[in-house]
Amino acid sequence: MKKQLLWQDAWQAIGRTKGRFIAIFLLMAVASLTLVGLKMTGPDMRQTARHFYAQTHLADLTVTSPAGLPPALQATLRQEAGVKRVEFVHTADAVIKGDQTAIRITSLGGQLSKAQLVSGRLPKHRYEIALSYLLAKRYHRGQWLTLTAAQGLKVHRVKVVGFIRSSEYLDRNQIGSTTVGSGQLGGVAVLPKAAFRAENPQLARLTLTATAGQDPYATSYQATVAAKQRHLQTTLRHQLTTQSQAQLAQLTARLPGLRQAAATNPGALPALQTAQRQIVQLKAAPSQLTVQTRESNPGYAVYRSNSARIDLVANVFPVFMFAVAILVALTTMARFVAEERQKIGTFKALGYSNFDVAKKFLLYSTLAATGGTLVGAAGGFWLLPRLIFSAYAANSTISGLQLGFSWGWLLTTWGLAVGATGLAAGWVLYQDAREIPAQLLLPPTPKGGARLWLEHVTPVWRRLAFKHKATLRNLWRYKSRMLMTILGVAGCTGLLVMGFGIRDSLGGIAHRQYGQLIKYDLLAVQKPTVTAAQTARLHTALAQPAVAEHTAIHYETLTRRFAADPAPQTVALLVPHNAQQFRHFMPLRARTSQKRLDLNAGVIISEKLATLAQVKVGDHLRLQDAQGQWRAVKVGAITEMYMGHFMVMSPAAYQHYFDQPYRTNAQLLKLAAGAKVNPVARQLMATGAVAGVNENRSNQQMINNLLNSMDRVMVILIGLATVLAAVVIYNLTNINVEERSRELATLKVLGYDEGEATLYIYRETIILSVVGILVGFLLGRWLHGFIITNLPPVDAMFDPQMRGTNFLLSAAIPLVITALVAVVMQKKIQKISMLAALQARE
């Protein structure tokens, strides 16, 4: 038998219930879009980076020495076991005359960490330069530039011939610090090797044999590179120290003769000054030599952590989205099977088997779930990753998103969707299959009423109107529908609370960080040794009208690796000379109580540092200084801080924990209203007494860029949660109206107008929605706490407090959707025929 009647009825069922079919389709589409999209975005971002690193042959390690890498060290690197390839590069920093942009120039050539050509061509002659493509709006090809403060270059006038993308500088805004210009790099560039003056290169790029073919984001790769980094750091510094000591002995022996010659012959003075500069350089050379991994490249760790944060959201957000979608889809399919009860009985009476009857519902659920999954997954593979990547790529030089495809996630999503809808249909069919056709042809026995506990509270129950009593009894009578509505609305509300809550936690952090907690504009770090003339120029620069206030401190950086991130974390140690004055620059306070903290309480550390190190007040914290020595300090207090790791202590505490006399080596500056940061920074650098300047404006811009990227991602997720809420509320309300059409017809017969009949049914929906919203508040609060703890970068924290407007918005969206659905449902209720609905079904 061809069973044409069965298949004809199956296809007609889709046409008869288009609203239900589309609702299931949309539920699965939104859930699939979220699940596939978020699960694919992190891997897509990492694959894009891997492709870029492979194209440019990004080095595994870099060895840097400002004084140059002598031939003996170069030979050591070439002969080092496990080093596959090593290339030596010249570097120099310069300032472009005119707009005073500081750039870092590297020599062209080699295969490692190649500059990727964006437009134009690479330099061929020593007077040709290729700039970072980020500077293409300021300069153009064919333009001649004059370079100043370029002591390491033979040429000072160059022609722009192209624009490049560097694989070593991935951050658009935070490129690095420099000793020229304002102290902050504004770009990078390449010149031919012939344009450099120094004999010895300052940079070595290395690739390791063991890392060939390894995933740069794998733990094994990071462990391999870190081990080689530690070995090279120890070996090269020891070798350089031995060589420097031998050269120092020779120069020291020559000094008396040079001094005597300079005293009698002014022409010998340059030779004496050169020898003195060489001695200073030789003493500093071993400590200045650094071996760094890719993690030290500007933007590398940030990009990696961005992709990891998407993975974290992908482990939470889609789970709740899919859970809500599946829950509502189960209810929808169960209701559909219940409505088809008499047809099931008819087909069974005609001799069709239980499996034949099930085909109709399997076809219905499979088509709706499969269609929704395919459409949603298509957006998840090709749309959502683009939107999220564009949000994060606004701060990165990495481009050209590599979109991946995963049969695993597609089949998993499809299996969940089809399984959820088919399971509900199968369960109800199983219940009906146990009944004989004669029973199925009769309408199901109406659900009996149930007494409420409130009925026993006679004074209250008597005062309730009939419609209110009916509403309360109906709510308790249809417990499954009540539960599904509450859970559905709660899930959507919880996702909205989480999304808006994260936006709350992001908003205002930059203002609190740099308006309330860190009030200085510049941190100027002085050179270890300065002349009297340089000191005098520094005092003059500090006394200018543009500087409103300044204070002397001791500044140094400490490091430590934590389990949360493979990259070493840098901790800024600040030791104020005047604790009272220091409060004008960095007020220290506890976040929860806002109580002011005093340095007499002991060592004060920032809150995120305490969280990473898992220490509290009274515990000891171990950190490593620049010489590699471990220092243990006792935590006296924990201060509010949102970006960066800080440690503040008194001079007495510094002398106690670091076993050396206290001396100031830096200045904190607050600028006058209207004063510009760059001119002041350039004046400080021009004194010759300042080694580097840290501008808080740059730090604030970095924070804003990060927060804006994450904010855009949250907007996308909030939009998805809103769409899901709309589909869920409409579908559940539609089921409620269809299920109770006879009841609505009865109300019309009794004289209820359209508005009263609608409100009779919709009053229950409103109550359940409100309860769902309240439950969603609790769920969203928990989700927000989980995400906000794990989402920030390892050197930052977000504000865990949530604003009241967050809850208002999260409640308003489902309530508005509920109101709009009520308008749609009222039109549907108007079409209910009193006569047809009240006809007895025999």
Report task. May I ask you to decide if Met45's main-chain N or O and Tyr303's side chain share a donor-acceptor pair within less than 3.5 Å? Result -> yes
Report task. Using the side-chain contact (heavy atoms from CB on, under 4.5 Å) rule, take Phe646 and Thr639 through it: C-alpha gap first, then chi angles, then the decisive distance, then the call. Result -> CA-CA 9 Å; Phe646 289 87; Thr639 185; 5.8 Å; no
Report task. Ignoring hydrogens and angles, tell me if any N or O in the side chain of Gln594 forms a donor-acceptor pair with the backbone of Arg591 under 3.5 Å. Result -> yes
Requested in this report: Could you pull out all residues at least two apart from Arg803 that satisfy salt bridge (Lys or Arg N to Asp or Glu O under 4.0 Å)?
Outcome: none
Report task. Could you tell me whether the side chain of Ile638 reaches within less than 4.5 Å of the side chain of Ile605, counting heavy atoms only? Result -> yes
Query raised in the report: Taking the side chain as C-beta and beyond, is there a heavy-atom pair between Val489 and Leu768 under 4.5 Å?
Result: no
Query raised in the report: Is there side-chain contact between Phe798 and Ile502, with at least one heavy-atom pair below 4.5 Å?
Result: no
Requested in this report: Quick one: which residue pairs count as a salt bridge (charged side-chain N to carboxylate O under 4.0 Å, His left out) with a foot in residues 408-422, not counting sequence neighbours?
Outcome: none
Query - Spatial distance of atom CD1 (Ile22) from atom OH (Tyr730) [nearest 0.5 Å] - result: 8.5 Å
Query - Donor-acceptor under 3.5 Å (Thr48 side chain, Gln402 main chain) - result: yes
Report task. Flag the pair Leu38 / Leu717 as yes when at least one side-chain heavy-atom distance between them is below 4.5 Å, and no otherwise. Result -> yes
Throw together a table of side-chain donor-acceptor distances under 3.5 angstrom for residues 806-814, partners on residues two or more places apart or in other chains.
unit_1 : atom_1 : unit_2 : atom_2 : d
Asn806 : OD1    : Ser810 : OG     : 3.3
Ser810 : OG     : Val497 : N      : 3.3
Ser810 : OG     : Asn806 : O      : 2.8

Report summary line: Here the pair of heavy atoms bringing Ser606 nearest to Met641 is CB-CB, 3.6 Å
Report summary line: So CG of Leu33 and CE of Met321: to nearest 0.5 Å the spacing works out to 7.5 Å
Requested in this report: List in chain and number order the residues that pass side chain to side chain contact (heavy atoms under 4.5 Å, CB included) with Ala325, two or more places apart in sequence or in another chain; answer none if no residue qualifies.
Outcome: Leu27, Met28, Ala31, Leu724
Query raised in the report: What distance do Leu517 atom CG and Tyr642 atom OH have between them, rounded to the nearest 0.5 Å?
Result: 6.5 Å
**Report entry** ring-ring contact (aromatic ring centres under 6.0 Å, His included) partners of Phe405, counting only residues at least two apart
**Finding:** Phe381, Trp407
Report summary line: Taken to the nearest 0.5 Å, the spacing of Met498 CE from Phe786 CZ works out to 10.5 Å
Report task. Kindly give the heavy-atom pair with the smallest separation between Ile398 and Phe52, and that separation in Å. Result -> CG1-CD2, 4.1 Å
Query raised in the report: Does the side chain of Phe389 come within less than 4.5 Å of Thr41's, by heavy atoms?
Result: no
Query raised in the report: With sequence neighbours excluded, what pairs up with Leu363 under the side chain to side chain contact (heavy atoms under 4.5 Å, CB included) test?
Result: Trp7, Ala10, Trp11, Leu367
Report task. Evaluate the side-chain proximity of Leu487 to Val324: yes if any heavy-atom separation is below 4.5 Å, no if none is. Result -> no
Query raised in the report: Of all heavy-atom pairs between Ala490 and Leu779, which one has the smallest distance, and what is that distance?
Result: O-CD2, 3.9 Å
Query raised in the report: Can you pull the side chain to side chain donor-acceptor pair (under 3.5 Å) pairs that have at least one residue in residues 367-383, sequence neighbours excluded?
Result: Thr370-Trp414
Query - From Phe777 atom CZ to Leu774 atom CG, the distance as rounded to the nearest 0.5 Å - result: 6.5 Å
Report task. Could you list all the salt bridge (charged side-chain N to carboxylate O under 4.0 Å, His left out) pairs where at least one residue sits in residues 29-47, not counting sequence neighbours? Result -> Arg46-Asp311
Report task. Can you sort out the partners of Val319 under side chain to side chain contact (heavy atoms under 4.5 Å, CB included), two or more places apart, ordered by chain and number? Result -> none
Query raised in the report: Which ring pair (Phe, Tyr, Trp, His ring centres under 6.0 Å) pairs, counting each pair once, include a residue from residues 15-37, with sequence neighbours left out?
Result: Phe21-Tyr364
Report summary line: On a heavy-atom basis, the closest approach of Pro385 and Gly379 is CD-O, 4.0 Å
Query - Side-chain donor/acceptor of Ser32 to backbone N/O of Ala29, under 3.5 Å - result: no
Query - Under the side chain to side chain donor-acceptor pair (under 3.5 Å) test, residues paired with Arg512 that sit two or more places apart - result: Asp799
Query - Asp504 and His784: CA distance, side-chain angles, deciding distance, side-chain contact (heavy atoms from CB on, under 4.5 Å) verdict - result: CA-CA 10 Å; Asp504 286 349; His784 173 265; 5.8 Å; no
Query raised in the report: Can you find a pair of side-chain heavy atoms, one from Met643 and one from Ile518, that are under 4.5 Å apart?
Result: no
Query raised in the report: Would a 4.5 Å heavy-atom cut-off, applied to side chains only, mark Gln569 and Lys608 as touching?
Result: no
Query raised in the report: What do the steps show when you test Leu384 against Met40 for side-chain contact (heavy atoms from CB on, under 4.5 Å), and what is the final call?
Result: CA-CA 9 Å; Leu384 193 57; Met40 291 303 299; over 6 Å; no
Requested in this report: Indicate yes or no for a side-chain donor-acceptor contact from Thr493 to the backbone of Ile773 under 3.5 Å, with no hydrogens or angles considered.
Outcome: no
Requested in this report: Keeping the roles fixed (side chain from Arg589, backbone from Lys595), state whether a donor-acceptor pair exists under 3.5 Å.
Outcome: no
Requested in this report: Using side chain to side chain donor-acceptor pair (under 3.5 Å) as the criterion, list what pairs up with Gln614, not counting sequence neighbours.
Outcome: none
**Report entry** Minimal non-hydrogen separation, Pro318 against Thr34, with atom names
**Finding:** CG-O, 3.9 Å
Query raised in the report: Could you state the interatomic distance from CD (Glu607) to OG1 (Thr592), rounded to the nearest 0.5 Å?
Result: 8.0 Å
